[in-house]
There are 2 protein chains.
Amino acid sequence: MSTPGRGLHGHVLDTLGPAITAGEYPPGSVLRTDELAQHFEVSRSVMREAVRVLESMHLVESRRRVGVTVRPKAEWNVYDPQVIRWRLAGADRPHQLRSLTVLRSAVEPVAAGLTAKNATAEQCAELTECALGMVATSRGHRLEEYLVHDVAFHRVILMASGNEMFARLGDVVAEVLAGRTHHEVMFEDPDPAAVTLHVQVAEAVRAGDAARAEQLTREITMGALEELDILAP
Amino acid sequence: MSTPGRGLHGHVLDTLGPAITAGEYPPGSVLRTDELAQHFEVSRSVMREAVRVLESMHLVESRRRVGVTVRPKAEWNVYDPQVIRWRLAGADRPHQLRSLTVLRSAVEPVAAGLTAKNATAEQCAELTECALGMVATSRGHRLEEYLVHDVAFHRVILMASGNEMFARLGDVVAEVLAGRTHHEVMFEDPDPAAVTLHVQVAEAVRAGDAARAEQLTREITMGALEELDILAP
DNA sequence: CGGAGCCAAAAAGTCAGACTTATATGTCAC
DNA sequence: GTGACATATAAGTCTGACTTTTTGGCTCCG
């Protein structure tokens with residue numbers, strides 16, 4: 001999807017990373033570089049590079065005379081896109097999806113408020129275009145097309161906010177939305193109320209009404225929480 | 001501070017990472033592994049490991065026959081604690097501090113609301129203790145002691161929310177608060193109103209009043225935004 | 001019996017050198 | 001100009017030897 005097969009060490013990571021994030025090695029487990037290298041049939045240099053990457057993600061810790069120990073989940077760099085992807089691909093998927101949706105509910109409304117204040121004319125137009133695209137594809141089981149517009153919409157909101165931390169969550173939100181469409185129960189057409197809210201957000205942003213954009217986006221993310229049975233107040 | 005000198009490749013990262021995040025190498029710059037290895041007086045294996053880590057942070061991209069090219073800032077993994085630390089230590093500090101404070105303003109209120117619903121008795125007690133500690137040290141130029149309690153307070157809020165994504169922002173918030181006390185203009189005692197708000201948040205959490213905890217925390221983070229002259233609506 | 005200190009093994013860390021592979025770029029014929 | 005081909009370049013890989021740190025056990029002495 002993103003960066004497939006960037007060398008041998010990448011292949012090792014594609015196997016080891018998911019295994020660790022899936023909890024196959026409980027925290028404190030000890031791996032030996034040499035054994036891993038043999039198991040994956042790569043040289044020690046390649047294996048060492050892979051371990052370094054896992055170490056930079058705080059998934060493992062490498063110490064002399066002891067080996068490569070798996071760190072507890074609480075220490076992982078859970079914002080690393082690679083880690084998120086691995087977890088979304090594994091057994092942890094439902095839990096990860098919930099965590100990310102809660103994060104969205106915190107971030108997106110504030111981002112929308114900033115976007116209402118900072119968006120350029122082009123970004124406003126793009127936003128409106130996305131919203132209209134959502135309307136157009138919201139009926140008749142055109143879920144894939146709808147998803148494209150939905151993802152684009154939220155991406156613009158996050159990018160146009162002018163905050164780099166928000167902007168970098170675009171990929172994460174895309175994964176969450178895609179996950180909802182593909183793996184969760186969503187055979188029906190999207191909720192018409194949600195579609196309307198997106199159109200209204202686009203309007204509010206165009207009008208520069210930050211408070212309204214924030215409130216409307218809050219309603220959108222609240223809907224996402226309810227879909228996952230995360231009780232709202 | 002966190003993991004100093006974990007080998008030769010760590011030393012290389014401590015120099016190269018800050019240099020890149022500081023923008024010393026403009027996007028598109030090309031580095032050669034061999035030259036870097038010579039410059040840092042390490043073997044190519046060590047240099048390669050360092051490059052792999054930078055690559056996993058999306059700071060650089062390594063391609064055959066081209067070299068190691070620096071990626072544009074927009075592609076960096078800005079949530080990587082190591083990257084955040086490097087940027088906070090360099091010229092990008094003010095900008096980074098603002099970005100993170102805006103992120104705080106989005107995340108912490110929602111986290112506080114969740115904490116009000118999920119916190120255990122112990123966590124409530126800990127929170128109250130932190131708030132009282134802040135009150136006790138809020139006068140008489142005891143800024144360092146105040147900071148300790150302030151950091152602990154926000155850490156508990158984020159941890160007790162029950163959301164792993166929020167929990168992992170504890171370190172980030174700690175850096176921001178420490179930065180404010182140490183490097184920004186803050187010779188005076190903390191704002192009494194802010195101190196009061198913290199006490200009230202602790203009360204709201206204890207009472208299980210999510211809406212109130214959220215609103216009060218929003219006021220706290222609003223104050224932080226105003227301190228940095230980030231205009232509020 | 002218990003603690004201080006020492007020893008040896010284990011595993012990561014480091015290095016050097018040779019070789020392989022992909023690929024950007026230049027060259028030449030058409 | 002365009003396409004095929006050759007070439008140089010820099011990353012990628014492998015191997016083997018060596019170093020360094022650290023742990024766990026062992027001895028020795030109190």
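Reminder, nothing fancy here: chain letters follow the sequence lines and each chain counts from 1. Being a predicted model, the structure only gives us computed values, none of them experimental. FYI, side chains are in, hydrogens and waters are out, and symmetry mates aren't considered; it's all heavy atoms of this structure.
Among the protein residues, A:S45 comes within range of the nucleic acid bases, having at least one heavy atom under 4.0 Å from a base atom. As judged by a 4.0 angstrom heavy-atom cut-off over every strand, B:V66 is placed among residues touching the sugar-phosphate backbone only. In this structure, B:R63 reaches the sugar-phosphate backbone alone: every heavy-atom distance under 4.0 Å involves primed, P, OP1 or OP2 atoms, never a base.
Protein atom CG of A:D34 is 14 Å distant from nucleotide atom C1' of C:dT14, rounded to whole Å. Atoms CE (B:M47) and P (D:dT13) sit 17 Å apart, rounded to a whole Å. Distance CG (A:L8) to P (D:dA11): 17 Å, rounded to an integer number of Å. As a whole-Å value, the separation of A:R48 CZ from C:dA11 C1' is 11 Å. The NE2-P distance, from B:H11 to C:dG13, rounds to 17 Å in whole Å.
Between B:Y79 and A:Y79, the ring planes lie parallel to each other; the angle is under 30°, not in the 30° to 60° tilted range.
Each of C:dG13, D:dA11, C:dA11 was ranked by its minimum atom distance to the side chain of B:R32; first place goes to D:dA11. For A:S43, counting side-chain heavy atoms from C-beta on, the closest listed nucleotide (C:dC15, D:dT13, D:dA11) is D:dT13.
Taking the side chain as every heavy atom from C-beta outward, B:L97 and B:L88 approach each other to under 4.5 Å.
Neither OP1 nor OP2 of C:dA11 sits under 4.0 Å from any side-chain N or O of A:T33.
Side-chain atoms of B:R65 come within donor-acceptor range of the base of D:dA8, with a qualifying N/O pair under 3.5 Å. For A:R64 against D:dT20, a side-chain N or O and a base N or O form a donor-acceptor pair under 3.5 Å. Side chain A:R44 to base D:dG16: a donor-acceptor pair is found below 3.5 Å.
Judged by distance alone, with hydrogens and angles left aside, the side-chain atoms of B:R98 form a donor-acceptor pair with the main-chain N or O of B:L228 at under 3.5 Å.
Taking the charged nitrogens against the carboxylate oxygens, B:R52 and B:E55 do have a contact shorter than 4.0 Å, which makes a salt bridge.
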